[in-house]
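Here the structure is laid out as structure tokens; the discussion comes afterwards.
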Number of protein chains: 4
Amino acid sequence: MRATQGPARRLGRPRDARAEQAILGATLELMAERGIARLRIDDVASRAGVGKATIYRRFATKDDLVTAAVSRLVREIAVPDTGSTRDDLQVLMGEAVDVYTGPLAPRLMPDLVSEMAHSTELAAAVRGGFLAARRDALRAVLRRGVERGDLHSDLDYELALDVLGGPLFYRLLVTGGPIDQHLADGVVELIMRGFAQTKTSHPSNANRKDDA
Amino acid sequence: MRATQGPARRLGRPRDARAEQAILGATLELMAERGIARLRIDDVASRAGVGKATIYRRFATKDDLVTAAVSRLVREIAVPDTGSTRDDLQVLMGEAVDVYTGPLAPRLMPDLVSEMAHSTELAAAVRGGFLAARRDALRAVLRRGVERGDLHSDLDYELALDVLGGPLFYRLLVTGGPIDQHLADGVVELIMRGFAQTKTSHPSNANRKDDA
Amino acid sequence: MRATQGPARRLGRPRDARAEQAILGATLELMAERGIARLRIDDVASRAGVGKATIYRRFATKDDLVTAAVSRLVREIAVPDTGSTRDDLQVLMGEAVDVYTGPLAPRLMPDLVSEMAHSTELAAAVRGGFLAARRDALRAVLRRGVERGDLHSDLDYELALDVLGGPLFYRLLVTGGPIDQHLADGVVELIMRGFAQTKTSHPSNANRKDDA
Amino acid sequence: MRATQGPARRLGRPRDARAEQAILGATLELMAERGIARLRIDDVASRAGVGKATIYRRFATKDDLVTAAVSRLVREIAVPDTGSTRDDLQVLMGEAVDVYTGPLAPRLMPDLVSEMAHSTELAAAVRGGFLAARRDALRAVLRRGVERGDLHSDLDYELALDVLGGPLFYRLLVTGGPIDQHLADGVVELIMRGFAQTKTSHPSNANRKDDA
DNA sequence: TAATAACCGAGACGGTACGTCTCGTCTTAGG
DNA sequence: CCTAAGACGAGACGTACCGTCTCGGTTATTA
């Protein structure tokens, strides 16, 4: 019967997966080297050793190509567990500092932010990609902090996450201020103090079920 | 002899000041409508009812034009003085929320950030323009808070400013989260608590070294 | 077991002879419809219901394909024998008129001429194909005319053939003038008169200037 | 009132006539070097020292460009007057032989003929251009021949012109036969004999003065 | 008052990158 | 091994925009 099983027969020569990898790899390299606006499709083609049609067969437009390339940057982010909420946050924020001071992010982010405003797909890819990974890790650490009683049980997680991430982005994209461990520590300290468990110590009723 | 009268005599027909206004106005409109990257000089010329040469006579390049247009957006920002540091901060942050939720900023900022990365002049204009105005006002309020004893005397002003501004930018440019009074209040509250004067000197010596 | 049966074993699936016919047929159709330069191999494949590789397996290049298609157009041309040289020529020229006013030649010839200039093989195919057939027939008639005494014994056959064929081609390809029996008769008459046997002391043997 | 006088005001920078000449010159050169099909617009642009847009502003498509370039080839053709119809024809045919054996015609004509079949404009340009010039000159000579009594008064001029021109084109485009003075003389002689004045038979007083 | 010089709108200029199309080849699944 | 379908590397096409230059004409200052 062959119903509802696969997307038809797929006649003809299948697309070469290596071409796709080569295209995205070349795109990332050139994005980092020259920025998104200065990225030329012909250069992507020639660096990838690929015809332009092979690119356009996969990605309808330059924006699509950039979106796809950025989506490849996602990496797993481990949730640290040092026993100290402050230390866990510092570990994660240290990693963020490393990323933002690395070779890729400073060149990519400004253009990426601009493209995100024009392309919903790219915005979704970025938010669901490397952004979500980091935020998930931070959220887990914060939650453990609440459970431990280090942080207030009414903690506004989204606010805390944006306070952790915002200043780094702000300096990277706007003020040009230094992005270093000092900044990371300062933000973490602020979170720890500002969202600290209040005196009356109703110990972490924010927990889901492991309260007992 | 032409002596002793004035510097830069300026022969010939003087530049028409209305042209300059029309150019910058059209530029701002089109920046908001289409974004900076999609902004076409030809379109600016035609909307301003001006020849392209008239634009390039004033602004050497597209970046210069954008920089000049953005510089027009600067507004005086009054330093509030309610008597309460928290309230003063909330006033300023409320204004910032208004700007970021207005018609211009959300469309302009993403591209602006991208262009700033490519143009030192634009970056300087933005930082020295409406950014500096707001930061100066916030800094004044913070300083008063320190003087009043509401805030810690070792306050890292740059950190505080970036924590105040960063989350708003972060949501505007990256996460797409809500930018509202709740966010503003949350950040202000965090600053007030996290950077509070430590009368009883509780041990949190996470500060760099000058804590003692 | 299929052993020991014939010479030239021909392993695998044999070529489908129908494919070749379909390819050449589609090629001729499309050549007539769009011209040789606008002929697309993909279109030939799709009209013939054939894969592109099936075409290229048989014909190494587009020129080869066109050459083969054109070669199919050759037809036997009977040498007429009415007893009159003039009538024989008129019969052949009438056939030529029919060909040049038919559906194929007017659409094919212009491009064919162009392709012949770039492809020696095609030129040879055309000259050795339907062109040679007609010229051979005409030559035979002319020869009989000489033998009969209707035409001069020093007849320059090549010149005569080109005078017979040239004007038709000229009108088809260049001037756009009418190609009809009137033209054919006029050319034949010219040949008959101009190359007539000069019984009484033929002094002007076509020399250039020593006529006096 | 300014009615019906000129095509409006002509605002803006006028087109540079030198660019037009450079474009057409480069086009002719490259057409001769590589043929029309292999002619690349980028090469025309770079050889003419011109941007591609400058070409496309004037010529909507490659065919238009070729048409315009070919139209430039027209040259004045003087009507010879040696006193002898035969000699006059030989002069003109000799010039035709020179053209067809020159550097341009053999490379251009095949493609030109093909393009003419697809472009009415080009066909009109060719026929009304250098073709008409030569035919007009030949026609004038033939007419004088009739007036002198060298040629039959019922002469079919179009037929005569096509017999004069056809064989040369035929050899150039189709048979590849030699195009030389021998061919020209043969054709002229054929015309002189085949279209000679018949009845009164003043045999070839077409000679200049050595008749007596 | 007449020249002069810089301005004005309009639009052509030489370039550069785009996204589309076709070529002739190659790669799959199936007969 | 052949077939149909269709992806492949290469490269020309015609479009769009950049920043500059050129035109005829306008507006102030200087002579």
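Naming convention: chains lettered A, B, ... in sequence-line order (proteins, then strands); numbering from 1 in each chain. Just so it is clear, the model here is predicted, and its values are computed rather than measured. No hydrogens, no waters, no symmetry mates; every other heavy atom, side chains included, goes into these values.
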Exercise for the section: Using the salt bridge (charged side-chain N to carboxylate O under 4.0 Å, His left out) rule, pick out the option among C/Arg107, C/Arg34, C/Arg47 that qualifies with C/Glu29. Expected result: C/Arg47
Practice task
Check the pair A/Asp42 / A/Arg40 against salt bridge (charged side-chain N to carboxylate O under 4.0 Å, His left out), numbers first and verdict last.
Solution key: CA-CA 5 Å; A/Asp42 280 317; A/Arg40 279 178 292 130; over 6 Å; no
In whole Å, what is the span from the [atom1] atom of [X] to the [atom2] atom of [N]?
X: D/Ile55; N: F/dA16; atom1: CD1; atom2: C1'; answer: 16 Å
X: A/Asp16; N: F/dG6; atom1: CG; atom2: P; answer: 17 Å
X: D/Arg15; N: E/dG11; atom1: CZ; atom2: P; answer: 11 Å
X: D/Arg18; N: E/dA12; atom1: CZ; atom2: P; answer: 16 Å
X: B/Arg47; N: E/dG9; atom1: CZ; atom2: P; answer: 17 Å
X: D/Arg58; N: F/dG14; atom1: CZ; atom2: C1'; answer: 17 Å
X: A/Ile23; N: E/dG19; atom1: CD1; atom2: C1'; answer: 15 Å

Is the shortest side-chain N to carboxylate O distance from [X] to [Y] below 4.0 Å?
X: A/Arg15; Y: A/Glu20; value: no
X: C/Arg38; Y: D/Asp63; value: yes
X: A/Glu115; Y: A/Lys62; value: no

Exercise for the section: Return the 5'-most residue of the pair A/Ala45, C/Gly51 with respect to DNA chain F, ranking by each residue's nearest nucleotide. Expected result: C/Gly51
Fill in the blank from the handout: Rounded to the nearest 0.5 Å, the CZ atom of A/Arg18 sits from the CD atom of A/Gln21 at a distance of 11.5 Å
Exercise for the section: First locate atom CG of B/Leu112, then atom OG of A/Ser114, and finally report the distance between them rounded to the nearest 0.5 Å. Expected result: 10.0 Å
Under 3.5 Å, side chain of [X] to main-chain N/O of [Y], donor-acceptor pair present?
X: D/Ser119; Y: D/Leu122; result: yes
X: B/Arg58; Y: B/Thr54; result: yes
X: C/Asp111; Y: C/Ile36; result: yes

Practice task
Sugar-phosphate means primed atoms, P, OP1 and OP2; the rest is base. With that split, encode nucleotides 23-28 of chain E 5' to 3' as B, S or - using protein heavy atoms under 4.0 Å.
Solution key: SBBBBB
Problem - Shortest non-hydrogen contact from D/Leu108 toward D/Ala32 - result: CD1-N, 3.8 Å
Problem - Nucleic acid contacts of residues 109-126 of chain B, taken as heavy-atom distances under 4.0 Å to DNA chain F - result: none
Exercise for the section: For E/dA12, take OP1 and OP2 only and decide whether either is under 4.0 Å from a side-chain N or O of D/Thr54. Expected result: no
Practice task
Compute the angle between the rotation axes at the two ends of the helix from E/dT1-F/dA31 to E/dG31-F/dC1, each taken over five pairs, rounded to 10 degrees.
Solution key: 20°
Exercise for the section: Using the closest heavy atom to pick a nucleotide of DNA chain E for each, name whichever of D/Ala17 or B/Ala17 lands nearer the 5' end. Expected result: B/Ala17
